[in-house]
Amino acid sequence: MKKTPGGGFTIVELLIVIVVIGILASIAIVAYNGVQARAQQSKIKSDVKQIQKAIMAARTQTGTTLYGITNNDATAWFCTQKTSGTNLATLPKTDNCWVVYTSTLDQISAASGMNIRNLLDPWGRPYFIDENEDENNGGSCTKDLIGAYKTPFVYDDWSPDNSVQLSNVKAGC
């Protein structure tokens, strides 16, 4: 590189360095966002599997359906009834969305012997739990569902990519 008479760099050399640094920074930001998104998806999948295992253990221990364990046919309903765009993470813990979710996890934990209390998605929101089996006094043949809400939260908008339908649908359905 050709030095200027004062021993510094030319404006062109400085601009080239700035452009290279900018390109490297943008690549690093994109890579970081990809890692963060994969980590969030990994946490969701791990948590959903943990909830699923606890529910299966609770069913085995009690000999009943998820509805029979929680005495609720739609834990998620209390969250999905919020206005579109509501951030569930910012709701007070006294809101029915949180009260019912916390109670459901407590009941599953107690019945299964596995501690799944305090499981939240990566954004600090409850997971989507819908106890469908045995709702309407046994008239439903729909499977229970566990999943994560999409970001941002929209009415009854859970992500099928992160959801698990549980088995044990009653015979004859």
Side-chain angles (χ1 to χ4, degrees), residues 34-173:
V35 168
Q36 190 175 25
R38 286 191 301 276
Q40 290 166 339
Q41 290 301 313
S42 179
K43 179 184 178 354
I44 290 170
K45 288 179 182 180
S46 172
D47 286 352
V48 167
K49 283 183 183 179
Q50 191 174 357
I51 295 169
Q52 181 183 19
K53 287 178 184 177
I55 289 171
M56 295 304 191
R59 284 179 172 170
T60 301
Q61 296 287 340
T62 63
T64 188
T65 63
L66 180 56
Y67 173 82
I69 295 164
T70 65
N71 294 315
N72 191 355
D73 63 358
T75 295
W77 184 85
F78 294 93
C79 298
T80 62
Q81 297 306 302
K82 302 297 178 199
T83 304
S84 180
T86 299
N87 182 350
L88 298 178
T90 62
L91 292 175
K93 298 303 182 208
T94 55
D95 187 273
N96 274 345
C97 172
W98 281 106
V99 170
V100 173
Y101 178 73
T102 302
S103 174
T104 295
L105 292 187
D106 285 345
Q107 291 166 332
I108 294 168
S109 293
S112 69
M114 299 171 65
N115 186 2
I116 60 166
R117 295 169 179 92
N118 304 319
L119 277 183
L120 303 175
D121 76 6
W123 300 276
R125 301 172 304 181
Y127 282 99
F128 184 98
I129 299 175
D130 190 9
E131 304 92 329
N132 290 311
E133 284 180 35
D134 212 24
E135 68 183 2
N136 302 323
N137 298 322
S140 175
C141 292
T142 308
K143 295 180 180 180
D144 298 330
L145 185 68
I146 305 166
Y149 296 99
K150 289 184 180 178
T151 302
F153 176 74
V154 178
Y155 169 77
D156 204 11
D157 196 6
W158 50 274
S159 173
D161 295 340
N162 299 316
S163 299
V164 175
Q165 284 193 343
L166 301 176
S167 58
N168 290 348
V169 173
K170 289 184 164 194
C173 289

Separation between OG1 of Thr64 and CZ of Arg59, rounded to the nearest 0.5 Å: 9.0 Å

Residues forming a side chain to side chain contact (heavy atoms under 4.5 Å, CB included) with Ala57, sequence neighbours excluded: Ser112, Met114

Check: Phe128 and Val48 side chains under 4.5 Å, non-hydrogen atoms: no

Inter-residue atom distance Leu66.CG - Asp73.CG, 0.5 Å rounding: 10.5 Å

Any Leu105 side-chain heavy atom under 4.5 Å of Asn118 side chain: no

Straight-line distance of Leu145 CG to Ile129 CD1, nearest 0.5 Å: 10.0 Å

Salt bridge (charged side-chain N to carboxylate O under 4.0 Å, His left out) contacts in which one or both residues fall within residues 101-111, not counting sequence neighbours: Asp106-Arg117

Min side-chain heavy-atom separation Ile146-Ile55 under 4.5 Å: yes

Rounded distance (nearest 0.5 Å) linking atom CD1 of Ile51 with atom CG of Leu119: 5.0 Å

Sequence-distant partners of Ser46, side chain to side chain contact (heavy atoms under 4.5 Å, CB included), two or more places apart: none

For Gln36, all residues meeting side chain to side chain contact (heavy atoms under 4.5 Å, CB included), sequence neighbours excluded: Tyr32, Asn33, Gln40

Shortest non-hydrogen separation from Ala58 to Ile69 and the atoms involved: CB-CD1, 3.5 Å

Partners passing side-chain hydrogen bond (donor to acceptor under 3.5 Å, both in side chains) against Asp47 (at least two apart in sequence or in another chain): Lys43, Tyr127

Residue pairs fulfilling side chain to side chain donor-acceptor pair (under 3.5 Å) with at least one residue in residues 96-105, sequence neighbours excluded: Thr75-Thr104

Disulfide (SG to SG under 2.5 Å) partners of residues 46-77, not counting sequence neighbours, each pair once: none

Considering all heavy atoms, the nearest Cys97-Leu91 contact: CB-CD1, 4.1 Å

Nearest atoms (heavy-atom pairs only) where Ile116 meets Ser109: N-OG, 3.0 Å

Interatomic distance, Phe78 atom CZ to Asp95 atom CG [nearest 0.5 angstrom]: 10.5 Å

Contacts of Lys53 that satisfy side-chain hydrogen bond (donor to acceptor under 3.5 Å, both in side chains) - sequence neighbours left out: none

Side chain proximity check, Gln107 to Asn72, heavy atoms < 4.5 angstrom: no

Any side-chain heavy-atom pair of Leu88 and Trp123 under 4.5 Å: no

Tyr149 to Cys79 - nearest heavy-atom pair and separation: OH-CB, 3.3 Å

